[in-house]
S.K.: 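Take a look at this one; I'll ask things after.
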Amino acid sequence: MSVGSETGRARAAAVVLVGGQLLAAVGALAVNLLAARVLDPSARGDLAYALQLSYFVSVFAVMGLERPFMASRTGAFNPEYRVFVRLITPGTIAVIPCVVIATAFSPFSTSWLWVGAGVIAVYVALNSLTMSVRVAYVTSMDWRRFGFNAIAAQLIIIAGAGLLVILGVSDPVAWMGIYAASGIPAVVLLWLAVRRGPEPEWPTDEQRRALRRRGWVLLPSAFSNTAMMHSDRLLLPILSSSAELGLYVTVATVLQMATWPVQQWVDASLRRWSQTMRDRSLSMGPLLLQSFLLLVAMSAIMGVAAYLMILFVLPDTYRAATTVILPLAIASVIFGLTRVQQGILIALGAEGRVSAVEILGTAVSLLAYVALIPGYGMLGAAYGSIIGYSACAVAAAFALISVNRTRRNP
């Protein structure tokens, strides 16, 4: 396939992925607004904590296989979906018991065992399928199935949230159940793939081992990435309170959307970048500059949206959340740049350096959170994010310089 066609394919994939993320943004904003109507900040914090816990566990279910799979395979949606689901099934089964243990020791303000643990476990399992749909789309470019999953999932979330508001349900476990139910469309797609799709071209033992090897190398990166994105929300109720987390996520949920277009573009471009890197013809400077400008624009837009939402839509109890808008906007710009840096490193075949960079960034983030959250609450979490993401960006810059120097002087 020519470079031009690969470029067009990557751009089309990025557009569709961003469209899916926009739908997710609509769902997230809707749930944010609806949940604030019946959940007080403490209960909202419990729901946020359950979601962050699910995202952490889901990283181990997928075992770092997403990006290596997308960078190395192409094919029809149904068979690629089945192949990826089979690859991640062992990890998904293995992490389910961890959910119960983690839930038992989590600082929820209300009791989540045993129903809560079961709901989180279901969400983790179905979220693995949802991630598989995304991977199968990137490898197949079949936007119809991806679109069905994205639209149906968000309709379930929005309709479920609306129903809970009408019924006046203030139990965060019930709200978590909405997110678990949003994985049903992915189950339907898997059933259709098995019933109607052609038999997959299953990877050979050697190919499977190579994928898993790259996945294991990237797993620390995936975990550290999730830790940098979500450990602030896991530590806030421990070092401060669930109410502080409820206020914090009201803004953080909106501001993290600013990074989505860049992240989707990076994932959709991995295969093209990998091919281009072999010719040593990919210019990094323009990529980083364009990404920076897009991130600044998106962060400004989402920051204003968060401010207007808090000021004119949410109850007065959420007004204090306006103080974290600016630092979280800055953090989103820095975080988005690290995604571009790491995408380039993966294209260069430097997965090990990506993991090292992410681990360093996570360590700095955790130290900053532990130092700042007890004294400054959600503001400490926001400033800790800036510090951790900046450390990650600096480390990635040095890694890129080192890899480029090695390539020029093999």
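Note that this is a predicted model, so its numbers are computed, not measured. Below, each value reflects all heavy atoms present in this structure, side chains not excepted, and no hydrogens, waters or symmetry copies.
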S.K.: Determine whether a donor-acceptor pair (N or O, by modelled atom type, separation under 3.5 Å) exists between the side chain of Gln52 and the backbone of Ala48.
M.R.: yes

S.K.: Do Trp114 and Thr103 come within less than 4.5 Å of each other through their side chains, counting heavy atoms only?
M.R.: no

S.K.: Show the nearest heavy-atom pair for residues Ala321 and Ile310, with the distance to one decimal.
M.R.: CB-CD1, 3.8 Å

S.K.: State the CZ-CE distance between Phe84 and Met131, to the nearest 0.5 angstrom.
M.R.: 7.5 Å

S.K.: How long is the span from the CD atom in Gln342 to the CG atom in Leu337, to the nearest 0.5 Å?
M.R.: 11.5 Å

S.K.: When you compare the side chains of Tyr369 and Ser385, does any donor N or O come within less than 3.5 Å of an acceptor on the partner?
M.R.: yes

S.K.: If I compare all heavy atoms of Gly343 with all of Val266, which pair ends up nearest, and what's the gap?
M.R.: CA-CG1, 3.8 Å

S.K.: Using side chain to side chain donor-acceptor pair (under 3.5 Å) as the criterion, list what pairs up with Arg213, not counting sequence neighbours.
M.R.: none

S.K.: Run the numbers on Phe77 and Val133 for side-chain contact (heavy atoms from CB on, under 4.5 Å), then give the verdict.
M.R.: CA-CA 8 Å; Phe77 180 92; Val133 170; 4.1 Å; yes

S.K.: How far does OG1 of Thr89 sit from CE of Met63, to the nearest 0.5 angstrom?
M.R.: 8.0 Å

S.K.: Would you say that Thr338 contacts Gln341 through its side chain, given a criterion of any heavy-atom pair below 4.5 Å between the two side chains?
M.R.: yes

S.K.: Which is it for Leu372 and Ile387 under the side-chain contact (heavy atoms from CB on, under 4.5 Å) test, yes or no, and what are the steps along the way?
M.R.: CA-CA 11 Å; Leu372 296 174; Ile387 294 170; 4.1 Å; yes

S.K.: About how many Å separate CZ of Arg73 and CD of Glu201, when rounded to the nearest 0.5 Å?
M.R.: 6.5 Å

S.K.: Could you go through Thr322 and Leu311, starting from their C-alpha distance and side-chain angles, then the distance that decides it, and tell me whether this counts as side-chain contact (heavy atoms from CB on, under 4.5 Å)?
M.R.: CA-CA 8 Å; Thr322 56; Leu311 201 61; 5.7 Å; no

S.K.: Taking only residues two or more places apart in sequence or in another chain, which ones pass side chain to side chain donor-acceptor pair (under 3.5 Å) with Glu199?
M.R.: Trp202

S.K.: Please say whether more than 12 non-hydrogen atoms of neighbouring residues, nucleotides or ligands are located less than 6.0 Å from OH in Tyr307.
M.R.: no

S.K.: Cation-pi check for Phe335 against Arg339: NZ or CZ below 6.0 Å from the six-membered ring centre and within 45 degrees of the axis, yes or no?
M.R.: yes

S.K.: Do the side chain of Arg208 and the main chain of Leu87 share a donor and acceptor less than 3.5 angstrom apart?
M.R.: no

S.K.: Assess whether side-chain contact (heavy atoms from CB on, under 4.5 Å) is satisfied between Leu366 and Leu235, documenting all intermediate values.
M.R.: CA-CA 9 Å; Leu366 291 175; Leu235 289 174; 4.0 Å; yes

S.K.: Less than 4.5 Å apart, side chain to side chain, heavy atoms only: is that true for Leu190 and Ser132?
M.R.: no

S.K.: When you check the side-chain N and O atoms of Tyr137 and Asn149, is any donor under 3.5 Å from an acceptor?
M.R.: no

S.K.: Can you list the residues that meet the side chain to side chain donor-acceptor pair (under 3.5 Å) rule with Thr250, with sequence neighbours excluded?
M.R.: none

S.K.: Got Leu348 and Leu400 here, is their nearest side-chain heavy-atom distance under 4.5 Å?
M.R.: yes

S.K.: In residues 161-182, what donor-acceptor pairs under 3.5 Å come from side-chain atoms, sequence neighbours left out?
M.R.:
from: Asp171; atom 1: OD1; to: Val173; atom 2: N; distance (Å): 3.0
from: Trp175; atom 1: NE1; to: Val169; atom 2: O; distance (Å): 3.0
from: Ser182; atom 1: OG; to: Tyr179; atom 2: O; distance (Å): 2.5

S.K.: Got more than 12 heavy atoms from elsewhere within 6.0 Å of CD, Gln207?
M.R.: yes

S.K.: Does a side-chain heavy-atom distance below 4.5 Å link Arg145 with Asn78?
M.R.: yes

S.K.: Quick check on side-chain contact (heavy atoms from CB on, under 4.5 Å): which of Leu245, Leu328, Val324, Asp232 does Met378 satisfy it with?
M.R.: Val324

S.K.: Could you pull out the closest heavy-atom pair between Val83 and Pro203, with the gap in Å?
M.R.: CG1-CD, 3.7 Å

S.K.: Testing the basics here: between Val99 and Ala121, what is the closest heavy-atom pair and its distance to 0.1 Å?
M.R.: CG1-N, 3.7 Å

S.K.: Side chains of Tyr123 and Leu53, heavy atoms from C-beta outward: is any pair under 4.5 Å?
M.R.: no

S.K.: Look up atom CG in Leu51 and atom CG in Asp46, then write down how far apart they are to the nearest 0.5 Å.
M.R.: 11.0 Å

S.K.: Which heavy atom of Ser332 sits nearest a heavy atom of Leu295, and at what distance?
M.R.: O-CD2, 4.2 Å

S.K.: Among all residues two or more places apart in sequence or in another chain, which pass the side chain to side chain donor-acceptor pair (under 3.5 Å) test with Glu244?
M.R.: none

S.K.: Return the set of residues passing ring pair (Phe, Tyr, Trp, His ring centres under 6.0 Å) with Tyr49 (not counting sequence neighbours), or none when no residue passes.
M.R.: Phe108

S.K.: Can you name the closest pair of heavy atoms from Ile120 and Ala50 and give their distance?
M.R.: CD1-CB, 4.0 Å

S.K.: Going from CG on Leu247 to CZ on Arg319, what distance comes out if it is rounded to the nearest 0.5 angstrom?
M.R.: 12.0 Å

S.K.: State whether the side chain of Ser299 and the backbone N or O of Val296 hold a donor-acceptor pair below 3.5 Å, judged by distance alone.
M.R.: no

